[in-house]
Amino acid sequence: SEIHGTVLEVADNGYTKRLGGKRVSRSDVLHYSKDNPQATIVADLTDAPQIPSNTFDCIILTQTLQFIYDLRAAAKTLHRILKPGGTLLVTCHGTSQISQYDMQHWGEYWRLTSLSARKLFTEVFPEPCVTVQAYGNVLSATAFLHGLTVQELRREELDYHDPHYEVIVAARIVKPSLD
């Protein structure tokens, strides 16, 4: 339900289409370089003055933060371009191998934890507006690193949460309304 109105997603708009459907009035795709034909906005999230402030009702930022060196600048831009009352949906990996393609094209810099994600976003959003949840366990981390698929594990094996193995870190952040 949070994917609605004017939505921004990075690289493609697959989640916007699949999860937003008819609730989405406009879908923009952000990409760092011009070589992505799906991109409607070419910008660097660390400095994107070409994106107007208070533009998006929802921003979907999946598996992107690890490629941005200046995370604080990106968080400030995300805050600026999100409409008051809008929602930022973020995922990033905690445990992962390095993507050589991405490393060569724009760099791969970070692995976030639930604590670092919370600290990053509470620097620009009020703390009560930031919800962070980690997912994973030693089995899912090992399976992921070995290239196993979801179909090769049982649901209860994936659903078990072990705070020592944060495979995926997810955040839901709401920009306060201007009331």
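Residue numbers run from 1 in the order of the sequence given.
When all heavy atoms of V169 and L112 are compared, the closest pair comes out as CG2-O, 3.6 Å. When every heavy atom of A39 is checked against every heavy atom of H31, the shortest pair comes out as CB-CB, 3.7 Å. Here the closest non-hydrogen pair linking V124 and A75 is CG2-O, 3.7 Å. Smallest separation of non-hydrogen atoms from S33 and V42: C-CG1, 3.9 Å. Here the shortest heavy-atom pairing between K83 and T55 reads CE-O, 3.1 Å. The nearest pair of heavy atoms linking Q97 to L145 is N-CD2, 3.8 Å.
If you chain together hydrophobic residues whose side chains sit under 4.5 Å apart, L30 and I173 fall into the same group. In the hydrophobic clustering of ILVMFWY residues, with side-chain heavy atoms under 4.5 Å counting as a link, L89 and L71 come out apart. A chain of hydrophobic side-chain contacts below 4.5 Å, direct or via other Ile, Leu, Val, Met, Phe, Trp or Tyr residues, connects W110 to V90. Using a 4.5 Å cut-off between side-chain heavy atoms of Ile, Leu, Val, Met, Phe, Trp and Tyr, with links allowed through other members, Y160 and Y135 fall into different hydrophobic clusters. Using a 4.5 Å cut-off between side-chain heavy atoms of Ile, Leu, Val, Met, Phe, Trp and Tyr, with links allowed through other members, F144 and L153 fall into different hydrophobic clusters.
Under the 4.5 Å side-chain criterion, counting only non-hydrogen atoms from C-beta, L45 is in contact with L78. Under the 4.5 Å side-chain criterion, counting only non-hydrogen atoms from C-beta, P126 is in contact with P176. The shortest side-chain heavy-atom distance between V7 and I60 falls under the 4.5 Å cut-off. Between L158 and R154, every side-chain heavy-atom pair lies at or beyond the 4.5 Å cut-off. Considering only heavy atoms from C-beta on, R111 comes within 4.5 Å of S96 through its side chain.
Distance check, rounded to the nearest 0.5 Å: CZ of F56 to CD1 of I51 gives 6.0 Å. Annotation: the span from Y165 atom OH to S140 atom OG amounts to 10.5 Å, rounded to 0.5 Å. One finds the CG atom of L65 at 10.0 Å from the NE2 atom of H93 (value rounded to the nearest 0.5 Å). Interatomic distance, D70 CG to T77 OG1, rounded to the nearest 0.5 Å: 9.0 Å. Rounding to the nearest 0.5 Å places OG1 of T91 at 7.5 Å from CG of L61. To the nearest 0.5 Å, the span separating CG on L8 from CD1 on I81 amounts to 5.5 Å.
Evaluated for a ring pair (Phe, Tyr, Trp, His ring centres under 6.0 Å) with Y69, the options W106, Y109, Y32 yield exactly one hit, Y109. Partner F121 forms a side-chain contact (heavy atoms from CB on, under 4.5 Å) with one of V132, L88, T131 and no other, that one being L88.
Between R26 and T6, the side chains place no donor N or O within less than 3.5 Å of an acceptor N or O (distance only, hydrogens not considered). Side chains of E9 and T16: a donor-acceptor N/O pair is present below 3.5 angstrom, by distance only. Side chains of T113 and E166: no donor on one and acceptor on the other come within 3.5 Å. In this structure, a donor-acceptor pair under 3.5 Å is present between the side chains of S27 and N13.
Q104 places no side-chain N or O within 3.5 Å of a backbone atom of Y101 that could act as its donor or acceptor partner. Between the side chain of R72 and the main chain of E123, no donor-acceptor pair closer than 3.5 Å is present. Using a distance-only test at 3.5 Å, with no hydrogens or angles considered, a donor-acceptor pair links the side chain of T64 to the main chain of T62. Remark: the backbone N or O of D162 is not paired with any side-chain donor or acceptor of N137 at under 3.5 angstrom. A donor-acceptor pair is defined here as one N or O able to donate and one able to accept, closer than 3.5 Å; such a pair exists between the side chain of K175 and the backbone of L82. Listed for the Q38 side chain is no donor-acceptor partner under 3.5 Å among the backbone atoms of D12. Judged by distance alone, the side chain of T122 and the main-chain N or O of R118 form a donor-acceptor pair under 3.5 Å. Although no hydrogens or angles enter the test, the distance criterion places no donor-acceptor pair under 3.5 Å between the side chain of Q66 and the main chain of E108.
Counting non-hydrogen atoms of other residues, nucleotides and ligands closer than 6.0 Å to NZ of K76 gives a total of 12 or fewer. E127 CD: 12 or fewer foreign heavy atoms inside a 6.0 Å radius.
Ring to ring, H79 and F125 are close: their centroids are under 6.0 angstrom apart.
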Take I168 and Q63 through the test side chain to side chain contact (heavy atoms under 4.5 Å, CB included) and record every step on the way to the result. CA-CA 9 Å; I168 296 291; Q63 306 306 100; 4.0 Å; yes
